[in-house]
Each structure stands twice: as C-alpha cells, then as structure tokens.
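Heads up: the structure comes next, in structure tokens.
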Amino acid sequence: MPETNIEKPSTQNVEREERYEPQSIEEKWSARWWSQPDLFKADPADTNRKKYYVLEMLPYPSGVLHMGHVRNYSIGDALARHMWMRGFNVLHPMGWDSFGLPAENAAIKNKRPPKEWTLGNIAYMKSQMKRLGFAYDWEREVTTCLPDYYRWNQWFFLKLYEKGLAYRKKSKVNWCPECATVLANEQVVGGCCWRHETTPVEQRELEQWFVRTTDYSDELLRDLEKLEGWPEKVRTMQRNWIGRSEGAMVDFKLDGPIGKAGETITVFTTRIDTIYGATSLQLAPEHPMVTDFIASDPDLFAKVEDMRAEQRKAKEVGDIGAIEKHGVFTGRYAVNPFNGEKLPIWVANYILMDYGTGAIMSVPAHDERDYDFAKKYGLDIRPVILPRRQGEPAGNGEPDEPVLPFVAEDSLVMNSGEWNGLSCTEAQKKMAEYAEQHGFGKATVTYRLKDWGISRQRYWGTPIPMLYCDKCGVVPVPEEQLPVVLPENVDITLAGGSPLGRVPGWVNTTCPKCGGAARRETDTMDTFVDSSWYFYRYTDAKNDDAPFDSATANYWFPIDQYIGGVEHAILHLIYSRFWTKFIRDLGLVNNDEPAERLFTQGMIIKNGAKMSKSLGNTVSPDDMVERYGADATRAYTLFATSPDRELDWQDAGVEGVYRFLAKVYRFFAQNPALVDGQTYSVAELSPEARKIARKLHQTIRKISDDFNGRWHFNTSVAALMELLNLCSSSQQALNAAPRAFIADLERNIVMLLHPFAPYLAYELWEKIGQTSDLLRAPWPQFDAELAKEEEIEMAVQVNGKLRGRILVAAEATEEEAKQAAMADEKVQAAIEGKQIVKTIVIKGKLVNMVVR
RNA sequence: GCGAAAGUGGCGGAACUGGCAGACGCACCAGACUUAGGAUCUGGCGGGUAAAACCGUGGGGGUUCGAGUCCCCCCUUUCGCACCA
C-alpha cells in the first residue's frame, strides 16, 4: 500500500495550554482505560438493576477496520455510554466472526495458515478498536474460530440432530465456483454468490447437511409482528423471504400410460375455487413427470431441454421474470377430479420447480399469466367467477361481461356445478375439505423458505461432528468427545473438494458404537452458524461446561438494541431468529426473539460510490485517527448525517468536527473553573448568562430526546456546537458570572459531549476537578423552567401575507399580543387601507383580529 | 411490473406534531490580529434589488390565515421483491 502523506491540522500560535492535541490526550486515556479491566465491564446478573444490552454486529477480521465499522461502533458506543450514564447495567461486548473463506484465500496466496492470518488480523483490529476508544467489555470477547467457541457449534449441531432438525439429503444445491463450495439459498443474491456479486451460482446435485429451519416458518413469520422495534423494511424483506401462501394441493390422475414418476400430478393452487375454470395443466420443465413424457419423443425432448437451459440461465442472471412465456403440449392428459374433465398437459417455462409442487392448473380466465399463455396457444378461457358481487354494479359500464383476466378477490362462484353461488372464500374452504374427504387433495400452506443447507466444502470452519461407519451408518460424535478439533497444517486448495478429506490422520477414526473403522465428515459448517448464537455466549463467555448459563442469559436477554448493516436483513437475522427459537425449545432461554430493537445504519459512500478497494475511494480509519484523532473521526461519522442514512464522506467535514473539539478544549482552557461544591442562584445571573443557562438546558433536552427517539445524533452534535458558539461569543458575560455557574456549565457540557467524543470528555472532566468516573456520572437533568424562552416571536399577517415579526413576552395574553402587533411600525404600514389583520402566535393558536 | 424510502443553496445536511426554509458544518468572500497565515477571531454567504418588493424546498394542481411538511396527478433516484400459481 502506498504511503499516504499525513498532514496534521496546524495549531501554531495557539497558546500552549490551549492547544488541542488529540493524539496525546487519546493515547494517555487509552492506556488508562485498557489497564483498568473493570472500567467497561458489565456487572454480573443482578435483578436489582435494570440491564441494557447494546450490541453491534461482530466484524469479520479481514485485516483492518473500515469506516463502515467505525460508523457502526460509534453509534453503539454513543448509546452504550449514554445508557451507562443513565444508570443501567450495560452489557457492551465485541467479538470476531472469524471463520470463513477469505482466510483460506489468503492462506493460498501468502502460504500462511488461516489461523495465523486470522489471529493476526484480530490482534490488529482489536488494537484499532482500543485506540478508537470503544467501551467494550473485552473479558467477554468471543472468537468463533477457536475451539472453546466452536465446540458449542458442534454441541448445538448434535442437539439439532437429536431433535431431527439436522438431516442429510441429496439434492440440487447452489454452488459457487469461485468459493468452491455450496451456498445456502439465503446466500444467493440475484442468482449470484453473496460474496462474488458477479459470479453466477451453478446447480449441483450433492449430499449435504440441512437444518430444518422450515419447522419454524410459521413462527418466524408470525413473530415479525411482535418486532415493532425493527425497521419495517427488514420485516418486509423477511416476510417476502418466508413467502407463506395458503392454498390447496390437488391430485390430477393421468389419463393413459403411467411412467416411473407415478400416476398423479399434484398441483398447488391458492385458488381451488377456480378449478372448474382450469383448462390445462402446466408443468415446470424440471418436473419429474416431464422426463416420462418426453422420453419417447426426440422432438419434445429437445424442446424441453431448451426450456430447462433457458430457465437455468434466467435464474443465474436473476431475471426469471423477464423471459417470454412459452410452452409445449406433451400429448398427454390428466383428469380434473372435480368434474372428470380431461385436461391437456403442457410444459411451460414460467413454472418454477422450486415453488409449490412445480405443477399448476391453468385458469386463464382468472390469472394473468395463464391468460397470456392461453391467448398465445389458443387454449380455452372459461370464467367461473362472477365479475361482481351480486347486486353491485360493475365498473366500466359493462355489467355482465367480465374483462379478462378477471382476478376477483371475493365474488361468487359460477359455472362450477354444485358449488355455484358460494363466495370464493367459502368455496376455497369447502372444496379443499371435499378434496380431502375424497382423498385427492387437501388445504395446504406452502413457504418459499427452504431448509438451511449448512455443509461447506471448505477447511476454515467448524467441523461437522458426524462419523460414517460401514456397519453403523451415520453416527454422531459423542458429546464428551467434543470438540472435534480442526486439524492444522492442512494443504488448502480450491480444487478437489473438502480440504479435510486430504488429511487421512484426521479423517480416519473409530466408530464410538461398534469400535470399527469410521470416517469423519469432511465438510465444515456455514459460518452463519457461528454468528447465529454468538450474542448468547457474550453473557457467559468463559463457560467450559455449557454454551452459556441459562439464568445469566435470561437476565441479559433479549438484546435491547442491535445495530448493524441492512445487508444482513435476510441472512444473519433470519438464522439468528431461528436459532433463538430452537434453543428456547431446548429450554436454554426464555425469549422468543434475540433482539427487541434493531437499527440498520446507512452505508458510507465517497465520490458517489460505495467505498471499495477496487474503486480506490476508501478512507483509512488509521489515517483519520492519526490526523484528527479518534474523537473527531467518530464524532464526524455521527455528525455528517443521521445514522440511518447513507453517509457521503468528506475529509473536510472531519476537519470541521476537529475544529469544534479544539474550540471546546480552548473554551475550557480559557474558563478554568473547578467544581468545588459552591452554588449560585439563577436570579443573580446577568441576562446574557441566563441566556447561556437557557441554551444549555435546551441542549440537554435536545440530546436526551435524540437518544430516546430518532437517534439523529447529527443534530445532537450540531446542538452542542450551537451551545459552544454561544458560550464563546459571550466571554464578557462569563467573566462576570459566578464561578460556580461556569463550573456547572462546564460539567454539563462534558457530560453531553461524552457519548460523542469520549476521550476529550474524560480529559476535560479531569481538568475541571471531577474525580468520579465520567461513565457513571448521572446524565444531566433537564430543567424545563430554565429552558423556557422568555420572549416568543410572533408572526403578523395582514390578509394572509406575512408582514412582520415582533417579540412578545412568553406570558403575554392574546390581547397584549394584539396590542403589541398594532404598535409595530411595519405592521402599521402594512395595514394602510386594509380591512383585516390577522395575527398568529408562533407555536400557539391562531388569533384573528379585525381593525376598523 | 409491484412495494418502500428519498428529491431542500456551490456541497454534507437542519426544519419532531403544518408556523421566520436553509440550523450546524464544509467551501467561498471581506475584515481583525499578524513577518507570514494553512492558526484564531469578527462579519457576509439561495436568487433578485441601490435598498425594498418579489421569487425560491423535483414538476403540476388542491386544502389552509399559513405547506418542504397534508391530499391528488406526474417525473427522477436509491433500495427491496419480481412468472411464488
């Protein structure tokens, strides 16, 4: 990496004692903080104190922190420090999501073992975090790639297996050729690998371990309603991902010869009430029955193969919605079980094998897609739903002719034999019951969510604790033999499958059941397993007998505030929710959901693009700290915009925040006032000093409100700037003010500053003679009386036009306000020749008055 | 195509329930202190005008004494979903 020329802001000519030198302040305090291990330590579970668990998503130790991390942790740290000051027992931990492919890639490239590379990165990034001053309880640090952590992944896996929630299955899975491993559905974004955004995934038929997340589909969906502290966006994304739809399965018997795939085609429909309108069946090109149909017809075979290829390609591009509908008749028929009608069977490219059953009944009259298809191929279109509710006029002045395709939500069924006249909802229920009674169908709920494939053909992950014995088959490693330790000195390449398979000494073992020879599972676990439960481990990070102590976890859980990027809306956040439900059912925790509130911070961009190495628009936190200090860097990430928005990085902006901090520092140097227990009364303050007191309390209110409400810390910092601007422009008034007033003012400024610029706050706290720990100092008390304005501005309108603004006493009556308005010159001029004057009191009620 | 969020000076952004649009910061301009200024301080800074008036929150309508904010229509950007039967 090229040397960057680090230019520090000049502080020449500022008096020595007034010079703000963040590096020396910060290094001094950093050394003090980290030599006092108790400082940021969460107290043990204690039912007498209210707990507050604030958590930021743990980083992958890729080498160095990036600005996105700094922003994420600055938000969390501000909150944690604020909650400490509010008297909560705060848990604020940090750890490392340290298994994963980049370590292997680095190992291949640099010939360094993944473990060494990873631990080296962790050490460096931890030093960066300490330098940045994030108040973490490092005694609870979690490193997922170490056996004391991952043994519990294995333990949980055995529990999953025991409960039937982990199983092995051969199926089509997503394969990323660049990662050389399988991916879960959640890890495929737009047909591409989530890490390699332009690498399309391939489909491979492999035998893999799956976790039965679908057992919790319904609860995962239902409980989203409870997550009111989560962004609506994330809840919507999860809802879509789970993709629940209610409907029915219906079996259609084949008419004619029966092949290998059986004698019935089962379709899934959400509209069984339209089954009399079905005029064909449509199968996905990959449907197993299709293979039977095309076997003896080379022409048909070719056409279907084309369709398969086309679907695969569209899926890779993530553009499956864009391909034009087409299909081919198979020459075969199936029987509608409701009316005995023979329906032609087609293969169509718009039918997806991985949703429902991969087969549909086509109802062109009431489904847009079916309608398009039927029009193209001249298939029958038969309406079976009345175009309107009875007695209600239809739109378009065409009372009885349905405009096709007519998608009625709740109308009456027609042309459907004995079901005629039922409402659609009734018919859906009754027809599904009828199908079940006659053994050809039943009401069903389907989900888009699929089970979580967790096998990875990679080295740097948790070994799956399973054995294969020729005699006993699949055998779980006994609990007391955990952890199954990942061997070191393994030859890592991306070719040839799981690297662990090439370590005979590790693979070959004995079967715990029969004592014979057995082979270990050579795949490792998806790293998302690690991050699905790490936050529980923080509550009891050093437990050697269990993943954590239940009572302790139950004290801390749920997480009060979770903070991270929105990119995990589906991945990590759905797995974590699943895991919580699973361990709740194991009896380990009481909570149904891991996090009460979730905050997703915005991305950082520079020069209009997301920061990335390839674009060369990254900003190094180290450089910023070197140049402006940790406080300025952190405060800038909070000041530039509100935390939920995209942040447009500008170095000059950091400089501005640096200047503000320097100004604070100078103000304290110029107004030395030791807190010595003296008091003063507000009554003795000059009007100017009274104004400062008012501004102070308005600032306390503003910042407190920001913490409790919208987290617009940019306006919190701005409010502090305003306060300081007022203070420094009121130097004369301050010179005349009681020292105790200044001491009180400074004490409050330090406390308000602390969440945003902790180093400077600690330095100044000491300077004003405070001996208590700032972290435990009580958050400033807001005094409403002091904050109140003495005068308010009144806008005066004449016939609807704004004609003047005047000050009136806050306590003025309506009548007094009117008098004051009428006495104003500008208003008098404006009234000239007019009939009506209207006044309004800003933020008060409307006052109309008529003159002349 | 569907859904959500957003659109405000030269720039990042304020304006919580309708009430001085542009807080705060950056950049810029002028001045002070200075050998110097890239430190610090003071003042200015949407357009327009000598000063007012007046015009200004993507565009067009509307409600209101009053609209960046509420309602209707349209445009643009970003994000999410996208043949889910």
Side-chain angles (χ1 to χ4, degrees), chain A residues 7 9-15 18-19 190 231-234 236-237 239-241 243-245 247 267-271 274 282 284 311 314 318-325 348-352 354-363 366-370 372-373 446-448 566 569-570 602-603 636 639-642 644-657 659-660 662-663 666 702 705-706 709-710 712 714-722 724-725 728-729 731 793-795 797-802 804-805 836-848:
Chain A
E7 222 180 296
S10 172
T11 50
Q12 287 177 55
N13 275 27
V14 175
E15 296 296 325
E18 296 183 4
R19 200 181 295 163
E232 196 47 53
K233 184 183 172 176
V234 173
T236 306
M237 282 167 76
R239 228 173 262 132
N240 290 341
W241 185 259
R244 180 192 148 98
S245 58
V267 307
F268 175 72
T269 174
T270 54
R271 295 299 301 270
T274 63
Q282 305 287 344
Q311 267 198 347
D319 208 14
I320 212 151
I323 46 178
E324 205 197 318
K325 287 179 188 51
N349 68 339
Y350 70 99
I351 310 301
L352 307 171
D354 50 16
Y355 186 78
T357 59
I360 64 150
M361 62 179 204
S362 173
V363 184
H366 303 292
D367 182 282
E368 249 179 272
R369 295 155 299 178
D370 296 347
D372 292 346
F373 194 86
T446 64
Y447 296 89
R448 211 183 81 119
V566 75
I570 300 295
M603 276 194 330
Y636 171 69
F639 173 69
T641 183
S642 51
D644 54 319
R645 296 243 248 159
E646 190 171 81
L647 190 158
D648 184 4
W649 188 274
Q650 297 184 0
D651 286 358
V654 190
E655 176 123 19
V657 175
R659 288 210 279 255
F660 161 65
K663 190 171 184 171
R666 222 177 305 120
K702 164 79 189 135
D705 285 354
D706 279 334
R710 304 184 305 158
H712 282 195
N714 51 332
T715 62
S716 303
V717 176
L720 274 171
M721 288 173 169
E722 281 186 65
L724 253 292
N725 287 347
S728 58
S729 65
Q731 192 57 60
E793 259 183 325
M794 184 169 73
Q797 294 181 339
V798 178
N799 288 347
K801 286 242 172 194
L802 190 70
R805 297 176 193 289
I836 300 168
V837 177
K838 287 163 180 164
T839 64
I840 37 143
V841 178
I842 294 174
K843 284 176 187 162
K845 61 182 171 163
L846 178 71
V847 181
N848 288 318

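Each chain gets a letter, A, B and so on, in the order its sequence line appears, and its residues count up from 1.
In this structure, A:Val566 and A:Met603 have side chains that are not in contact, with every pair of non-hydrogen atoms separated by 4.5 Å or more. Side-chain contact between A:Ile360 and A:Tyr350: present, with at least one pair of heavy atoms (C-beta onward) separated by less than 4.5 Å. A:Val654 has its side chain within reach of A:Trp649: a pair of non-hydrogen atoms, C-beta onward, lies under 4.5 Å apart. Taking 4.5 Å as the limit, every side-chain heavy atom of A:Asp644 sits out of range of all side-chain heavy atoms of A:Arg710.
In this structure, CG of A:Leu352 is placed 11 Å from C1' of B:A82, rounded to the nearest angstrom. Rounded to a whole Å, the OH atom of A:Tyr636 is 11 Å from the C1' atom of B:C11. In this structure, A:Arg239 atom CZ and B:G3 atom C1' are separated by 12 Å, rounded to whole Å. Between the C1' atom of B:A15 and the CG atom of A:Asn714 lies a distance of 12 Å, rounded to the nearest Å. What separates OH of A:Tyr350 from C1' of B:G1 is a distance of 17 Å, to the nearest Å. For the pair A:Arg710 CZ and B:U69 C1', the interatomic distance rounds to 13 Å; values are reported in whole Å. In this structure, A:Asp648 atom CG and B:A6 atom C1' are separated by 15 Å, rounded to whole Å. The separation between A:Asp706 atom CG and B:A15 atom P is 9 Å, rounded to whole Å.
Heavy atoms of A:Ser728 sit nowhere under 4.0 angstrom from any nucleic acid atom. Nucleic acid contact for A:Asp372: none, since no nucleic acid atom lies under 4.0 Å from a heavy atom of the residue. In this structure, A:Glu232 reaches neither bases nor backbone, as no heavy-atom distance under 4.0 Å exists between it and the strands shown. If you check every strand for non-hydrogen atoms under 4.0 Å, A:Phe639 touches a base. Heavy atoms of A:Ile351 sit under 4.0 angstrom from at least one base atom.
Here, B:C28 and B:U49 have their P atoms 25 Å apart, quoted to the whole Å. For the C1' atom pair drawn from B:G58 and B:U76, the interatomic distance equals 7 Å after rounding to whole Å. Remark: the separation of the C1' atoms in B:U69 and B:G7 is 14 Å, to the nearest Å. Comparing B:A53 with B:C75, their C1' atoms sit 33 Å apart, to the nearest whole Å. On the P atoms, B:U8 is 23 Å away from B:G18, given to the nearest whole Å. Using C1' as the reference atom, B:C73 and B:C81 are 26 Å apart when rounded to the nearest Å. Rounded to a whole angstrom, the distance from the P atom of B:A15 to that of B:C70 is 14 Å. Nucleotides B:A52 and B:G37 have their P atoms positioned 33 Å apart, rounded to a whole Å.
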| request: Go through the steps for A:Asp648 and A:Thr641 under the test side-chain hydrogen bond (donor to acceptor under 3.5 Å, both in side chains), then give the verdict. | output: CA-CA 8 Å; A:Asp648 184 4; A:Thr641 183; over 6 Å; no

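Closest heavy-atom contact between A:Gln282 and A:Ser362: CG-CB, 3.8 Å.
Residue A:Asn725 places no side-chain N or O under 4.0 Å from the OP1 or OP2 atom of B:A23. Using a 4.0 Å cut-off, some side-chain N or O of A:Arg645 falls inside it from OP1 or OP2 of B:A14. Listed pair A:Arg448 / B:A82 meets the phosphate criterion, a side-chain N or O lying under 4.0 Å from OP1 or OP2.
Panel note: side chain A:Glu655, backbone A:Gln650; no donor-acceptor pair is recorded below 3.5 Å. Panel note: side chain A:Gln311, backbone A:Asn349; a donor-acceptor pair is recorded below 3.5 Å.
Paired runs in RNA chain B that reach 3 or more consecutive Watson-Crick or G-U pairs, where each pair keeps both distances under 3.5 Å, cover B:1-7 with B:75-81, B:10-12 with B:24-26, B:28-32 with B:40-44, B:58-62 with B:70-74.
Judged as a salt bridge (charged side-chain N to carboxylate O under 4.0 Å, His left out), and not counting sequence neighbours, A:Arg645 has no contacts.
Between A:Gly653 and A:Gln650, the residue anchored nearer the 5' end of RNA chain B, judged by the nucleotide with its closest heavy atom, is A:Gln650.
Residue A:Asn349 has its side chain nearest to B:C83 when only B:C41, B:C83, B:G80 are considered.
Applying the 90° cutoff around 0 to the glycosidic angle, B:G9 is assigned syn.
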